[in-house]
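Notes follow once the structure below has been shown.
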Amino acid sequence: MEKMKVLVAEDVAEAGIRVLQQELDVDVKMGLPREELLKIIDQYDALVVRSVVKVNEELLSKATRLKVVGRAGNGIDNIDIAAATRHGVIVANTPDSNTISACEHTIGLLISSCRNIPLANNTLKSGVFQRSRFNGTELYGKTIGIVGLGRIGSMVAVRMRAFGMKVIAYDPYISDERFKRFGAEKMETLNDLVARADVITVHTPKTEETFGMIGEEQFKIAKKGVRVVNCARGGIINEAALEKALAEGIVASAAIDVFTKEPLHEHPLFAFDNVVVTPHLGASTVEAQNRVGINIAEQVINALKGEVVPNAVNLPTLIDDELVILKPYIHLAEKLGKLYFQLEKAPVEQVEMTYSGELADKEVRMLTLAFLKGLLEPVLQERVNYVNAHLVAENRGIKVFEDTEERMAKGYANVVMAKIKTAKGNLIIAGTVSPNGEPRLIELYGYETDVCLTEYMLIVENIDRPGVIGSFATILGEENVNIAAMQVGRRAKGQTALMTLSVDNEVSEKALSKLRTVTGILSAKFVRL
Ligand code: NAI
Ligand code: 3PG
């Protein structure tokens with residue numbers, strides 16, 4: 001079978017490329033002009049980028065085969081996640097793989113700027129042995145203000161405490177416990193931090209709220225002689241305000257790894273001797289790039305195989321243990337969803353999912369997505385997958401609700417139940433996973449049953465009287481359809497019953513018509529799951 005194709009559009013470690021090559025047809029084309037990239041992107045099932053290539057609506061609308069974008073790194077501000085979701089494209093990143101490198105680069109930048117290392121280096125190499133000009137400052141005993149106490153911010157906190165610095169931090173989105181854990185004094189407002197810090201370092205993502213959060217107002221209240229570091233995203237420290245504060249002597253030094261516009265070749269900040277700059281090198285170490293490359297390659301392969309992608313940013317996050325538990329339920333939910341339009345034609349107005357028993361405390365959103373994918377994928381032209389299933393349902397006016405209950409339902413340890421509302425009434429479809437991992441149907445059309453959901457199934461309503469099942473089975477035999485398993489559930493003796501049969505092969509329209517002529521058979525439908 002032809003291998004799927006991946007385009008690696010930015011510099012990714014050889015170790016990652018080798019992992020991709022084990023399973024995929026890999027093209028490495030770095031620094032492609034945009035028009036060229038837009039021209040060829042429809043040939044690829046996967047795209048791997050870092051922070052430069054813009055993955056936006058323009059690109060995604062041309063990427064007709066694309067199933068996954070792997071961001072070999074952390075920040076995803078170069079990727080339009082909403083657009084990717086609309087197009088059903090999984091976006092995955094490697095948030096933990098380069099944090100140590102980014103933290104160490106932050107500290108490297110800070111020390112370089114406090115001790116004038118780059119300038120002294122250049123001066124000496126130009127043959128001038130000057131010392132007094134490069135008198136620096138110690139970090140010991142000073143206060144560092146960390147904005148954003150996430151993965152990198154917290155690592156900076158721990159390391160700077162070892163330098164004997166007092167650590168204060170501002171992050172309104174984390175618990176008090178996290179401040180305590182990293183030995184940081186919690187600041188209630190950003191300005192409280194700014195007013196007290198000798199060094200300010202930012203470690204937030206770039207969002208509407210954080211872009212420019214250290215600006216003119218902050219430099220007005222900052223201590224004279226404050227030092228600033230930005231190794232997060234360009235513009236979190238407003239570049240024009242920083243330039244002004246440097247010129248006014250408010251800021252003693254600045255160390256900047258990231259810029260509002262990248263790549264760049266000139267910038268007003270380059271004119272200052274007390275500004276240290278690097279070209280977005282936070283993650284550029286051998287170790288980080290190997291980790292990032294291998295990690296993203298594995299996730300891209302998983303995504304293309306339809307397996308769960310641990311760091312997919314537009315899917316619910318599943319921790320490893322949970323993933324193992326939920327996998328058979330994801331499979332079950334998708335099969336339950338696939339049943340509906342093969343049995344009924346009434347447009348769906350609402351889907352109510354209820355998860356009972358062992359499932360109640362799990363990340364059940366993933367199961368709802370799987371049910372919606374199963375429901376909508378077979379009947380829609382557009383691509384429907386776990387990423388966009390909810391959005392596609394919403395766009396079609398289907399309301400989706402989700403509920404969990406800890407008690408067992410119907411005597412099963414775990415139950416996935418979908419109540420489908422249509423203008424014609426409600427239909428409940430329920431299933432469970434047996435201890436050996438099999439997906440089983442346990443309720444349909446108000447009948448109880450217990451049959452394994454296999455690839456080929458017959459769903460038959462009949463009158464509960466002797467001879468009906470026998471005649472039905474005889475015709476199946478004549479049509480060369482072998483029954484693998486069968487269950488009959490009835491409401492009450494002599495009334496109607498539901499036969500659910502797992503069969504070994506497809507049942508033709510001709511055979512179905514014949515089956516429907518059997519006296520006592522009310523309906524007979526073949527479904528493929
Ligand atoms: P993270 O998501 O682990 O932590 C970010 C923290 O910022 C969170 O705790 C969050 O609550 C906090 N935050 C969000 N909005 C805030 C606000 N308005 N005020 C204060 N705090 C706020 O992110 P991580 O992994 O620590 O990365 C931090 C930054 O570093 C990101 O921008 C990332 O893209 C960047 N980065 C840069 C690298 C480089 O090469 N220079 C390398 C790796 C990451
Ligand atoms: C990140 O967000 O991971 C860093 O900014 C690194 O970006 P890069 O992969 O372009 O070096």
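In this text the structure is predicted, and so the values were computed from the model without any measurement. Just so you know, ligand 1 is whichever comes first in the structure, and atom 1 is the first atom listed for that ligand.
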Have D403 and T354 got a donor and an acceptor in their side chains that come within less than 3.5 Å?
no

Protein residue, atom and distance nearest to atom 15 (N) of ligand 1, heavy-atom basis
Y173 CE1, 3.5 Å

Got the closest protein heavy atom to atom 28 (C) of ligand 1, with its distance?
H203 O, 3.4 Å

Show which atoms of ligand 1 fall inside a sub-4.0 Å distance from at least one heavy-atom site of H280.
39 (C), 40 (O), 41 (N)

Tell me whether H267 at atom NE2 has more than 12 heavy atoms from other residues, nucleotides or ligands lying less than 6.0 Å away.
yes

Sequence neighbours left out, what pairs pass salt bridge (charged side-chain N to carboxylate O under 4.0 Å, His left out) with at least one residue falling in residues 72-94?
E57-R86, D77-R233

Would you find a donor on one side and an acceptor on the other, under 3.5 Å apart, between the side chain of S253 and the backbone of R227?
no

At less than 4.0 angstrom from any atom of ligand 2, which residues have a non-hydrogen atom? List them by chain and residue number.
R50, S51, R71, A72, G73, N74, G75, N98, R233, H280, A283

Taking 4.0 angstrom as the limit and counting only heavy atoms of E209, give me the atoms of ligand 1 inside it, by number and element.
18 (N)

Between the side chains of S101 and N98, is a donor N or O closer than 3.5 angstrom to an acceptor N or O?
no

Give the numbers and elements of all ligand 1 atoms closer than 4.0 Å to a heavy atom of C231.
37 (C), 38 (C), 39 (C), 41 (N)

Hey, does the side chain of T210 reach the backbone of M213 with a donor-acceptor pair shorter than 3.5 angstrom?
no

Identify the closest protein heavy atom to atom 20 (C) of ligand 1: which residue and atom is it, and at what distance?
P172 CD, 3.4 Å

Exam field: side chain N274 to backbone A252, donor-acceptor pair closer than 3.5 Å
yes

Please state which protein non-hydrogen atom is closest to atom 25 (O) of ligand 1 and give its distance, to 0.1 Å?
N74 ND2, 2.7 Å

Can you see whether N302 engages E298 through a side-chain donor-acceptor pair at a distance of less than 3.5 angstrom?
no

Is it true that the side chains of E402 and T368 contain a donor and an acceptor less than 3.5 Å apart?
yes

Within the distance-only criterion (no hydrogens, no angle test), does the side chain of D198 pair as donor or acceptor with the backbone N or O of T143 below 3.5 angstrom?
yes

According to salt bridge (charged side-chain N to carboxylate O under 4.0 Å, His left out), does anything in residues 258-280 pair up with another residue at least two apart or in another chain? List the pairs.
R133-D273

Side chain, backbone, both or neither: the part of D77 lying under 4.0 Å from ligand 1 by heavy atom:
neither

Under 4.0 Å to a heavy atom of Y170 - the qualifying atoms of ligand 1, by number:
19 (N), 20 (C), 21 (N)

Closest approach of any protein heavy atom to atom 43 (C) of ligand 1, naming residue and atom
N98 OD1, 3.4 Å

Quick test of your reading of the structure: of P279, A102, G75, A232, whose heavy atom lies closest to atom 42 (C) of ligand 1?
A102

Distance under 4.0 Å to a non-hydrogen atom of I174: what atoms of ligand 1 satisfy this?
9 (O)

The closest protein heavy-atom partner of atom 8 (C) of ligand 1 is D171 OD2, 3.4 Å

For atom 1 (P) of ligand 1, what is the closest protein heavy atom, and at what distance to 0.1 Å?
R151 NH2, 3.7 Å

Among N238, V194, N230, L242, which residue satisfies the side chain to side chain contact (heavy atoms under 4.5 Å, CB included) criterion with I214?
V194

What atoms of ligand 1 come within less than 4.0 Å of a heavy atom belonging to A283?
40 (O)

Should the proximity of M213 to ligand 1, defined as any heavy atom under 4.0 Å, be assigned to the side chain, the backbone, both, or neither?
side chain

Numbered atoms of ligand 1 (with element) below 4.0 Å of T210, judged on heavy atoms:
15 (N), 16 (C), 17 (C), 18 (N)

Mark up the atoms of ligand 1 that fall under 4.0 Å of a heavy atom belonging to D257, in ascending order.
39 (C), 40 (O), 41 (N)

Could you check whether any side-chain N or O of K224 sits under 3.5 Å from a backbone N or O of G249, counting only pairs where one atom can act as donor and the other as acceptor?
yes

Closest protein heavy atom (residue, atom, distance) for atom 22 (C) of ligand 1:
T204 CG2, 3.6 Å

Residues D11 and Q289: side-chain donor-acceptor under 3.5 angstrom
no

With sequence neighbours left out, which residue pairs that include part of residues 157-166 fulfil the salt bridge (charged side-chain N to carboxylate O under 4.0 Å, His left out) condition?
K166-E185

